[in-house]
**Q** 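Let me give you the structure first, and then I'll get to my questions.
This one's a predicted model, so the numbers in the text were calculated from it and none came from an experiment. The figures here come from the full heavy-atom set of this structure, side chains too, leaving out hydrogens, waters and symmetry mates.
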Number of protein chains: 2
Amino acid sequence: MTQPSDIPSKSPKPDGRVARGEITRARVLDAAERCFAATGFDAVSIRQIAAESGVTLGVVGFHGGSKEELFRTVLARRTETLNRLRRESLAQLRANESVTLEDLIDAYITPYLDIASRGDPQWRAYAQLIARLVSDDRYYPEMKDRYDPVALEYLAAIAELYPKADPQLMATALVLTVASMISIVASNLRIDGLSGKPAPRTPLGYRKVLVDFCAGGFRRAIE
Amino acid sequence: MTQPSDIPSKSPKPDGRVARGEITRARVLDAAERCFAATGFDAVSIRQIAAESGVTLGVVGFHGGSKEELFRTVLARRTETLNRLRRESLAQLRANESVTLEDLIDAYITPYLDIASRGDPQWRAYAQLIARLVSDDRYYPEMKDRYDPVALEYLAAIAELYPKADPQLMATALVLTVASMISIVASNLRIDGLSGKPAPRTPLGYRKVLVDFCAGGFRRAIE
DNA sequence: TGACTTTTTATACGAACGTTCAGATAGTTT
DNA sequence: AAACTATCTGAACGTTCGTATAAAAAGTCA
């Protein structure tokens, strides 16, 4: 079930063979990703990560460095892929003649819903890890450099549709859009609780209502 | 500056005098509230809370019990007040002839923005603590019983305006509304980063754009 | 094969953790 | 004043934490 990861190995040998420890390293990072996503940085111990990845304690330090370094490595690992997906969605839209606000929001949101809904549990873990961090200003300086550039590209594209809109209102609307998007990934529980029926199983099941909500809110907020 | 707390003391003596340790207990709970809000449950040590409240280590245990108990006490302490504010807002609306969706959303989110913007740093801390917890399914079972009843009252009021709307879509829209509301309290930083200008200083400054966004999104999502 | 590098094991260290408690202190009641 | 209860102090307990490291094992290259 685990599809091949699209994360480049750190140091491939010139002849193409990966270094010996690369498999172990991936196992450690994957386990760390799952643990950090499940309970957050502080609640996870190196020993838990070691047990989860099936290696001994020292190996985690050998491949991951300090706990802080390990955490930042996990954070950084998949951002480029996610950014690329979002940029591709945007480029694809630009090929069309008429682009709506709904198209743009859908293009921004769907890659994230997509990876959170994939079969690959690692991508799901990463999506949940991000959801855990956005509510914490401690990690913003780090996230800023990784995610804001693409967000600004989308803001620029939206600004073409609404040239007279206040930039600050648009930035706020985008932040609210992201918060809505992430809340869907972070918790499926509450929607179940508030409506009688069981909610969709995967984040992708919320794609339509999410785009509706965010686009409707966005348009209303900036006018 | 610290205005009198509206939290009832635990065990007032029959003659009205508070028990001796009640002041200390409040100091401990306040300090715990600030610490938990700042960095989350796991990153805070009892010793930090003791230092923050200016008492010795044992006193924290004496008044707060175990760390888990202390945390749950802090969580529970202010919920009734917040629920009361929201119920009062709703009751005030019902006195009016015509109530709009905007009115209802404003009535729901304003008490929260209000306490997060107050001078009292303890209410601000509590608001941020809540923001930290909603993204964590571990605490949902606990939060559910405290907050969902009032949320359901608002859902019912909205349902009166839109009798034909799908309950599940409405529940989803409310969850997205709450997520938007909380994201404003959780982080002021990103909006600054995405627009050039500095953002409003307090959450209340976002009241209008937030109501616009959520009401516009809500109406669009359920139709 | 033997020298060399990379990886893994097993263990240890000091620090910090949550919790407990006997005894000191202070306030209240008789 | 004496007995009593509530509160606080200071120190200790056993555990777990992150990190470091010497030595063993495995793999690579001459």
**Q** Under 3.5 Å between N/O atoms: give me all the protein pairs with nucleotides 16-19 of chain D, atom names plus distance.
**A**
{"from": "dC17(D)", "atom 1": "OP1", "to": "Ser45(A)", "atom 2": "OG", "distance (Å)": "3.3"}
{"from": "dG18(D)", "atom 1": "OP1", "to": "Val44(A)", "atom 2": "O", "distance (Å)": "3.3"}
{"from": "dG18(D)", "atom 1": "OP1", "to": "Lys67(A)", "atom 2": "NZ", "distance (Å)": "2.9"}
{"from": "dG18(D)", "atom 1": "OP2", "to": "Ile46(A)", "atom 2": "N", "distance (Å)": "2.9"}
{"from": "dG18(D)", "atom 1": "N7", "to": "Arg47(A)", "atom 2": "NH1", "distance (Å)": "2.8"}
{"from": "dG18(D)", "atom 1": "O6", "to": "Arg47(A)", "atom 2": "NH2", "distance (Å)": "2.9"}
{"from": "dT19(D)", "atom 1": "OP2", "to": "Lys67(A)", "atom 2": "N", "distance (Å)": "2.9"}

**Q** Output one line per pair: protein atom, nucleotide atom from nucleotides 21-27 of chain D, and distance, for all N/O pairs under 3.5 Å.
**A**
{"from": "dG27(D)", "atom 1": "O4'", "to": "Arg20(A)", "atom 2": "NH1", "distance (Å)": "3.2"}

**Q** With sequence neighbours excluded, tell me which residues meet ring-ring contact (aromatic ring centres under 6.0 Å, His included) with Tyr108(B).
**A** Tyr154(B)

**Q** Considering residues at least two apart in sequence or located in another chain, which fulfil the side chain to side chain contact (heavy atoms under 4.5 Å, CB included) criterion with Asp30(A)?
**A** Glu33(A), Arg34(A), Arg77(A), Arg78(A), Gln122(A)

**Q** Taking ring-ring contact (aromatic ring centres under 6.0 Å, His included) as the test, write out the residues that go with Phe213(A), two or more places apart.
**A** Phe213(B)

**Q** Among residues at least two apart in sequence or on other chains, which ones pass ring-ring contact (aromatic ring centres under 6.0 Å, His included) with Tyr112(A)?
**A** none

**Q** Quick one: Arg25(B) CZ to dC8(D) C1', roughly how many Å, whole number?
**A** 16 Å

**Q** Please name all residues satisfying side chain to side chain contact (heavy atoms under 4.5 Å, CB included) with Lys144(B), sequence neighbours left out, ordered by chain then number.
**A** Tyr140(B), Asp148(B)

**Q** What is the distance, rounded to the nearest whole Å, between atom CD of Glu69(B) and atom P of dG18(C)?
**A** 14 Å

**Q** Donor-acceptor pairs are to be reported for all side-chain atoms of residues 193-202 of chain B against protein atoms at under 3.5 Å, with residues two or more places apart or in another chain.
**A**
{"from": "Ser195(B)", "atom 1": "OG", "to": "Ile191(B)", "atom 2": "O", "distance (Å)": "3.2"}
{"from": "Ser195(B)", "atom 1": "OG", "to": "Lys197(B)", "atom 2": "O", "distance (Å)": "3.2"}

**Q** Counting only N and O atoms by type, is there a donor-acceptor contact under 3.5 Å from the side chain of Gln128(B) to the main-chain atoms of Ala125(B)?
**A** no

**Q** Applying side chain to side chain contact (heavy atoms under 4.5 Å, CB included), can you list everything that pairs with Asp106(A), at least two apart in sequence or on another chain?
**A** Thr110(A), Arg207(A), Val211(A)

**Q** Counting the atoms with a prime plus P, OP1 and OP2 as sugar-phosphate, which does Gly21(A) contact under 4.0 Å by heavy atoms, base, sugar-phosphate, or nothing?
**A** sugar-phosphate

**Q** Looking at His63(A), I'd like to know whether one of its side-chain N or O atoms comes within less than 4.0 Å of OP1 or OP2 on dT8(C).
**A** yes

